[in-house]
Asks: 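Quick one: the structure is below, questions incoming.
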Amino acid sequence: AVTVALYESPDGGASWDRVPQDGARGLTFVHVNKQPGVFGIDWIVVREDVGPVSVTPAALRVHGGLTHDGMDVAVEASQQVTLSVASAPVVLFTAPPVLSQDGTLAFTVAPERYGKASVRVTATDNGGTLFGGLDARTSITGILIEPRGGLPASGS
């Protein structure tokens, strides 16, 4: 919490200061957690029978809550963000997608399987939900597993 003192300045106008002055009434502002985010996840396209796949985190950006005021920047930046991943249908994988803390996505395509898989990546921080704060955000992307011979032409 930050205490902000509101007081009348000598020229008759209102003014404020973070440090209360004699006779000033204090007003307390509390930090409300901003939801974290994970951005930059594009569709991943691989061929069936490709085996183990590891996608580097070059395009993955994870952050604590978005903020525009200086007071919240340090609080949000100090939070720990954890990542989790879920995918469906699981039949497309012998090892379903997992996400390391550095953002590397790894999975193994099942033999002779192709299709589209939905991948949900959730970023969760430890900032809590007090006073309406948000501590999680989910981004959805996908994995397209193409058949060895390529996708059929449209209208075929």
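Note that the structure is a prediction, hence the values are computed from the model and not measured. Side chains are part of it too, since the values below use all heavy atoms of this structure and drop only hydrogens, waters and symmetry mates.
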Asks: Would you confirm whether Arg47, through its side chain, and Ile145, through its main-chain N or O, come within 3.5 Å as a donor-acceptor pair?
Replies: no
Asks: For the pair Asn126 (side chain) and Gln80 (backbone), establish whether a donor and an acceptor sit closer than 3.5 Å, ignoring hydrogens and angles.
Replies: yes
Asks: Give a yes or no answer on whether the side chain of Thr141 reaches the backbone of Val119 with a donor-acceptor pair at less than 3.5 Å.
Replies: no
Asks: Would you say Val53 ends up clustered with Val98 if hydrophobic residues are merged whenever their side chains have heavy atoms under 4.5 Å apart, either directly or through other cluster members?
Replies: no
Asks: Leu99 and side-chain contact (heavy atoms from CB on, under 4.5 Å): which single residue from Val121, Thr122, Thr82 fits?
Replies: Val121
Asks: With side chains defined as the heavy atoms from C-beta onward, is the minimum distance between Ile143 and Pro97 less than 4.5 Å?
Replies: yes
Asks: Please report the shortest heavy-atom distance between Lys116 and Leu92, naming the atom on each side.
Replies: O-CD1, 3.7 Å
Asks: Enumerate the ring pair (Phe, Tyr, Trp, His ring centres under 6.0 Å) contacts for residues 81-106, please, sequence neighbours excluded, ordered by first and then second residue.
Replies: Phe93-Phe107
Asks: Can you list the steps and then say if Ser54 with Thr104 is a side chain to side chain donor-acceptor pair (under 3.5 Å)?
Replies: CA-CA 7 Å; Ser54 181; Thr104 299; 5.3 Å; no
Asks: Thr94: what forms a side-chain contact (heavy atoms from CB on, under 4.5 Å) with it, not counting sequence neighbours?
Replies: Thr108, Ala110, Pro111
Asks: Val46 versus Val109: any side-chain heavy-atom pair under 4.5 Å?
Replies: yes
Asks: Would you say the side chain of Glu112 lies within less than 4.5 Å of the side chain of Glu48, judging by non-hydrogen atoms?
Replies: yes
Asks: Below 4.5 Å, heavy atoms only, C-beta onward: do Val85 and Arg120 meet side chain to side chain?
Replies: no
Asks: Are side-chain heavy atoms of Thr129 and Leu134 found at a separation under 4.5 Å?
Replies: no
